[in-house]
Amino acid sequence: MTAHPEPLTHQQAPPLHDSAVRLREAGLAYDSRTLWNGLDLDVEPGEFLAILGPNGSGKTSLLRVLLGLQQLSSGTVEIAGTAAHRGNSRIGYIPQQRALEDSLALRGSDLVGLGLDGHHWGMGLRGRARRKRRVAETLHAVEASAYAKTPLGLLSGGEQQRLRVAQALVGEPDVLLCDEPLLSLDLSHQRRVSDLIARQARESRAAVLFVTHEINPVLPLVDRVLYLVDGRFRIGTPDEVMNSETLSELYGTDVEVARVGGRLVVAGTDNEQDHHVHETEQK
Amino acid sequence: MNKLIDALGRMFDVEATADLLGYPFVQQALLAAAALGLVSGVLAPLVVTRRMSFAVHGTAELAFTGAAAALLIGASVGVGALAGAVVAALLLGLLGQRDNERDSVIGAILSFGLGVGVLLLWMNPERTANKFSLLVGQIVGVDSADVTLLTSCAAVVLVAMAFLYRPLLFASVDPDVAAARGVPARVLAPVFSLLVGVATALGVHVVGALLVMALMVTPGAAAMRVTASPVTATILSVVFAEVAALGGIVLSLAPGVPVSAFVTVISFVIYLVCRGIGSARPRRSVAPTAARSGAQAVS
């Protein structure tokens, strides 16, 4: 830290407009274990924030807090100016790609439609024409119209994630929460899907909070990084956070970060050996 | 064997069938079957999607136990079946919350319920016809009080489903995102299992406890073989369930064969045909090249 006199945690002047996401002195603890504490974070509309850290560091728990599914132990959390709550229509959510059964009676257009109003009670018979138009527009925007009527189980992982992007965007959210959406996709689909998320979010001025264990596929898109390790965290631009010194301090051990041909190689976090284990362990 | 050939010979005796259709008890049976077909057709695709076939079977066995108890104490069989199914739905909902435990919980409850039911029937000094009908169904024994109970229960289930359908579908096909959007899956699951319990209890009347899956599961499974649209699947499932329930009764009239035999055969034939159509469908309705070029345009 001595080489960086200013703390890497951004101390911003209070913005004139509402941040898409605002955490103040936020802490989360399970029983005796503190996941993180004193977290101050403002994510602006249109900003792309990558959330990194080893397993168990509370990345997914942070998303659950923003979704209103988990209460903070301390501090406050606001989404687009209002306290986080369950069933928040200001939030779009993109999960990991999972294998779907061939027999699932669901098509892309149904999936996107559920993203729009699936949480509402009743049949939704009124406003069906408007709903249909909105779904078609969104499918068109992510260029998934060609396979919108194909059973989901028959689509490739990349196609499914493209539909997931549409499902998350269809309600015109202020915040897009992505929980490892690239996991189990091949490299070219990782790039396409992350480009699509970034482009769509920028166009609709939505903030993106992107949980990932691997920054390289999204590195060119990332504005800032939130790196969580064992209750400690750093927030800053990729260059500010993803360097040997900062990560060594976060992990409390020697970590080397090298840039190799536009990719970041991080050595010494135990992370890279664990990657394959993580991928199979997570659901 | 001769008995069967003789009966099948009378199956297409239109005159006898038309004659029987004039009787009020037959009309009541048809009304009951129509209500049951509608309810089970609506529920079946979600039962299949949520992998609840075995739960339906378990619930049916407890509906049988309830009906046997009602028969013994002289109460309404319909009310007894309903009470048994509700208890079953609550037990399965309480004990079988965890996925990996659900199967074994159902197995344990089902066998116990069936055993108690057999004991209750044995204790019953009455004639045996009624007892047998609880297992394989005897719709022509449905009286007008039963029909009132049946149709009003069916109406309650349908109204509840109209209210719950969208979040229930969401939570069934896409649990992660549904949870993120605030759909209360932990509340919906026991409520749906209660609705399935009520519908199952109605089914015990018509096709009997052993064959209730022919209406609660098979039409949904068949429909989902031929369409991937949830709405179309539900409509087809209702049509299939109605054809099986009403068709089964009409065909069984002249030959005097138990209704459940025809209901299950029709239901199964529809299922086989749908499987055939489903496997003949192209794996994808779009040419893969079209989809791929669409994807490439983005990168």
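Residue numbering restarts at 1 for every chain, and letters A, B, ... go by the order of the sequence lines.
In terms of heavy-atom pairs under 4.5 angstrom with chain A, the leader among B:S172, B:P167, B:A179 is B:P167. Top candidate by heavy-atom pairs under 4.5 Å with chain B, chosen from A:I94, A:D110, A:L104, A:L63, is A:D110. The most heavy-atom pairs under 4.5 Å with chain A, out of B:A221, B:P184, B:A178, come from B:P184. Of the residues considered (B:G182, B:A228, B:S229), B:A228 shows the highest number of contacts with chain A, using heavy-atom pairs under 4.5 Å. Your options are B:L168, B:V183, B:V177, and the one with the most heavy-atom pairs under 4.5 Å with chain A is B:V177. Counting heavy-atom pairs closer than 4.5 Å to chain B, the top residue among A:G171, A:G122, A:G68 is A:G122.
Looking at A:L152, there are no atoms closer than 4.5 Å to chain B (heavy atoms on both sides), in backbone or side chain. Heavy atoms closer than 4.5 Å to chain B are found in the side chain of A:R164, but not in its backbone. Both the backbone and the side chain of A:R107 have a heavy atom closer than 4.5 Å to some heavy atom of chain B. Only the side chain of B:L188 comes within contact range of chain A, with at least one heavy atom under 4.5 Å from a heavy atom of that chain.
Between atom CG of residue A:D117 and atom CZ of residue B:R181 there is a gap of 9.0 Å, rounded to the nearest 0.5 Å. Separation of atoms CG (B:D174) and CG (A:L106) is listed at 7.5 Å; rounding is to 0.5 Å.
Counted within 6.0 Å of NE2 on A:H140, heavy atoms from surrounding residues, nucleotides or ligands total 12 or fewer; the atom is thus considered open. The environment of CZ in B:F268 is sparse: at most 12 heavy-atom neighbours from other residues, nucleotides or ligands sit within 6.0 Å.
Taking each heavy atom of A:P95 and B:D176 in turn, the nearest pair found is CB-CB, 4.4 Å.
Using a distance-only test at 3.5 Å, with no hydrogens or angles considered, a donor-acceptor pair links the side chain of B:R166 to the main chain of A:W121.
Residues meeting the side-chain hydrogen bond (donor to acceptor under 3.5 Å, both in side chains) test with A:R86, sequence neighbours left out: none.
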